[in-house]
Amino acid sequence: MPSARDPAAELQRALLSRLKLRQLALLQAIDRHRTLGRVAAEMQLSQPAITKALHEVEDIFGSTLFDRTSRGLVPTAAGDAVLHYARRWLAELEATTRVLTSLEAGRGGRLRLGLTQQVPQRLMSAALTHLLGRSPRISVMAREATTDELVAGLLARELDCAIGRSYDGDAGGLVQEAIYEQEPCLVVGAKNARRLSRGPLDWARLAQLDWILPPPNTPMRRTYNAIFVGAGVQPPLPILETNAVRSMETVLRQEPNAITIFARDVVAEMEQAGHWAALPYRLSWNLPPVSFFTLKELEGHPTVQSLRGVVIETAQRMKQLAA
C-alpha cells in the first residue's frame, strides 16, 4: 500500500537540495525593482537569463511567486510568504558575516542594539558602557528608531535586542520585559515656559498650541491622542511630527507656542542645556513602560543575557533614587 504524500516534507527536501542563496537575492531584487529589465541591469545579466532564473525558483517552490501585471511584477500570496523568509534568511547571513569579520579582527563578537529616543541617558550609558567594556571587546551596532520600527527590526533579524516602549502589537517570537516607568511632562521652549505655565492645567487651551507629536500610527501617538480624547478635546493637528530630538529642540526654541510631551527624567537631562523646560503640571498617567526586547531564540545568548542583567539592575537603581 503506497504511503500518504506529505507535500510539506517534499517541498522541504526540494528547498534543501535545490535552493541557492543567490536565488533568494534574485527574489529580493525583483521585489525591489518590479521589472526584469531593472533586475537584469543591477545583476549585470541579460533579461532572458533573469526570466529563466525566476522560472527555476518558481519551479523549486512549486508556486507562482510573481504575477505579471501592467504595474510590473507583483508578489502573489506565495511570493509574499517566500519574500518574508528570504529577507530573514539573508539578514541572518549578513549578521553571520559581520560576526565572523568581528571575530577575525580579534573582537569577541557583535551585538545589534536598538534604542528609542526617550530611553533615559543612564540606561543608554549603562548598556553601551557594558557592551564596549567587555573583554574581549565586541563590535556594537546601535540603531535609534520608534518601538514599532525596533520590533520590526527584531522580527526581520536585523537587531538582536532593543530598549524601547512596551509593544502591544502581534509579534510571534518577541519577548519583552517592562523594566522602568517614566512620568510624562509637558515641554516647551525655556524662554516660553513662564508665559505658557500660567493658570491651571487646561487641555482645551493646550490643544490650541503648536504641538510636536510622534509620527502617525505609532504607539506614542495613539497614547497622546487617547489622552486628548479622554479629556474631551479633539487631538490637535501637529505642526511637526517627529521622534528626532534635535528637530524637536529646534522647533521648541524657534516657535513661541510649541509644545510636546516627553519623559520627565529625560527632560531633566535636556534642561541643563537651557533650551527646554517642563511646565509645572503633573499629568495623571504614566508613559508606556521602558522595556527590554529580544527574540525567544536569543534569550539564552550570553551577550544578550548579560546586557539584560545590566539594564535591569540600572533601572532598579534609578527607581530607588527616584523614590
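Predicted model, so just to flag it, every value in this text is computed and none were measured.
Linking ILVMFWY side-chain heavy atoms closer than 4.5 Å, directly or via other members, places L150 and I163 in two distinct hydrophobic clusters. Both L83 and L11 are assigned to one and the same hydrophobic cluster, defined by single-linkage of ILVMFWY side chains at heavy-atom distances under 4.5 Å. Under a hydrophobic clustering in which Ile, Leu, Val, Met, Phe, Trp and Tyr are joined whenever their side-chain heavy atoms come within less than 4.5 Å, directly or via other members, F292 and V119 fall into the same cluster. Under the 4.5 Å side-chain contact rule for hydrophobic residues, L307 and L115 share a cluster. Two different hydrophobic clusters hold V245 and M220 under the rule that ILVMFWY side chains link at heavy-atom gaps under 4.5 Å.
The closest donor-acceptor contact from the side chain of R34 to the backbone of D31 lies under 3.5 Å. Judged by distance alone, the side chain of R194 and the main-chain N or O of N192 form no donor-acceptor pair under 3.5 Å. A side-chain donor-acceptor contact under 3.5 Å links K319 to the backbone of I179. Proximity of a side-chain donor or acceptor of E58 to a complementary backbone N or O of L65 within less than 3.5 Å is detected. With T129 contributing its side chain and A126 its backbone, the two residues share no donor-acceptor pair below 3.5 Å. Checked by atom type and distance alone, the side chain of Q176 pairs as donor or acceptor with a backbone atom of Y167 at under 3.5 Å.
A distance of 11.5 Å separates CG of L321 from CG of D265, quoted to the nearest 0.5 Å. Going from atom CG of L186 over to atom CD1 of I261 covers 5.5 Å, rounded to the nearest 0.5 Å. To the nearest 0.5 Å, the span separating CG on L36 from CD1 on I50 amounts to 7.5 Å. The structure places CG of D160 at 6.0 Å from CG of L298, a figure rounded to the nearest 0.5 Å. Here CG of L113 is found 8.0 Å from CG of L159. Values are rounded to the nearest 0.5 Å. Annotation: the span from R157 atom CZ to R112 atom CZ amounts to 9.5 Å, rounded to 0.5 Å.
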| request: Might you work through the salt bridge (Lys or Arg N to Asp or Glu O under 4.0 Å) test for R38 and E42, ending with a clear yes or no? | output: CA-CA 6 Å; R38 291 177 184 172; E42 177 186 310; over 6 Å; no

| request: List the steps, then state whether side chain to side chain contact (heavy atoms under 4.5 Å, CB included) holds for M124 with E144. | output: CA-CA 11 Å; M124 187 184 302; E144 289 192 5; 4.2 Å; yes

| said: side chain to side chain contact (heavy atoms under 4.5 Å, CB included) for I259 and N257? Distances and angles first, verdict last. | reply: CA-CA 6 Å; I259 187 170; N257 292 317; over 6 Å; no

| Derivation and outcome, side chain to side chain contact (heavy atoms under 4.5 Å, CB included), residues V266 and Q182 | CA-CA 9 Å; V266 177; Q182 286 181 304; 3.7 Å; yes

| request: May I have the step-by-step check of salt bridge (Lys or Arg N to Asp or Glu O under 4.0 Å) for R246 and E249, ending in yes or no? | output: CA-CA 5 Å; R246 291 179 63 188; E249 181 176 305; over 6 Å; no

| task | Kindly determine whether L201 and L283 satisfy side chain to side chain contact (heavy atoms under 4.5 Å, CB included), including the steps that lead there. | result | CA-CA 9 Å; L201 178 61; L283 304 181; 4.1 Å; yes

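Side-chain atoms of R221 and N243 form no donor-acceptor pair, as typed in the model, at a separation below 3.5 Å. If you check the side chains of Q118 and R165, you find a donor sitting under 3.5 Å from an acceptor.
Side-chain contact between L287 and E183 is absent, with no heavy-atom pair separated by less than 4.5 Å. I312 places a side-chain heavy atom less than 4.5 Å from the side chain of Q316. Put simply, the side chain of Y180 does not reach to within 4.5 Å of the side chain of V311, judged on heavy atoms. Between L19 and L24, some side-chain heavy-atom pair lies under the 4.5 Å cut-off. In this structure the side chain of C161 never reaches within 4.5 angstrom of the side chain of R308, judged on heavy atoms. R264 is listed as a side-chain neighbour of R282, based on a closest heavy-atom distance under 4.5 Å. A 4.5 Å side-chain heavy-atom check between R195 and V188 finds every atom pair outside the cut-off. Counting heavy atoms from C-beta outward, E56 and L26 have side chains that stay 4.5 Å or more apart.
Of all heavy-atom pairs between E241 and P216, the closest is OE2-CG, 3.3 Å. The shortest heavy-atom contact between A315 and L123 is N-CD2, 4.0 Å. Nearest heavy-atom pair, G172 versus L155, reported as atom, atom and distance to 0.1 Å: O-CD2, 3.8 Å. For P256 against Q254, the heavy-atom pair with the smallest separation is CD-O, 3.6 Å. Nearest heavy-atom pair, P238 versus P236, reported as atom, atom and distance to 0.1 Å: CD-O, 3.3 Å. Counting all heavy atoms, side chain and backbone alike, S291 lies closest to A178 at OG-CA, 3.5 Å.
For the side chain to side chain contact (heavy atoms under 4.5 Å, CB included) with T260, the qualifying choice from I212, V251, L240 is I212, the only one to do so.
Applying the 6.0 Å contact sphere to CZ of R87 captures more than 12 heavy atoms from other residues, nucleotides or ligands. Heavy atoms from other residues, nucleotides or ligands lying under 6.0 Å from CZ of R32 number more than 12. Within a 6.0 Å sphere centred on CD of Q12, other residues, nucleotides and ligands contribute 12 heavy atoms or fewer.
Sequence neighbours left out, the pairs with a member in residues 210-247 that pass ring pair (Phe, Tyr, Trp, His ring centres under 6.0 Å) are W203-F228, W211-F228. Sorted by first and then second residue, the ring pair (Phe, Tyr, Trp, His ring centres under 6.0 Å) pairs with a member in residues 48-71 form an empty list; sequence neighbours excluded.
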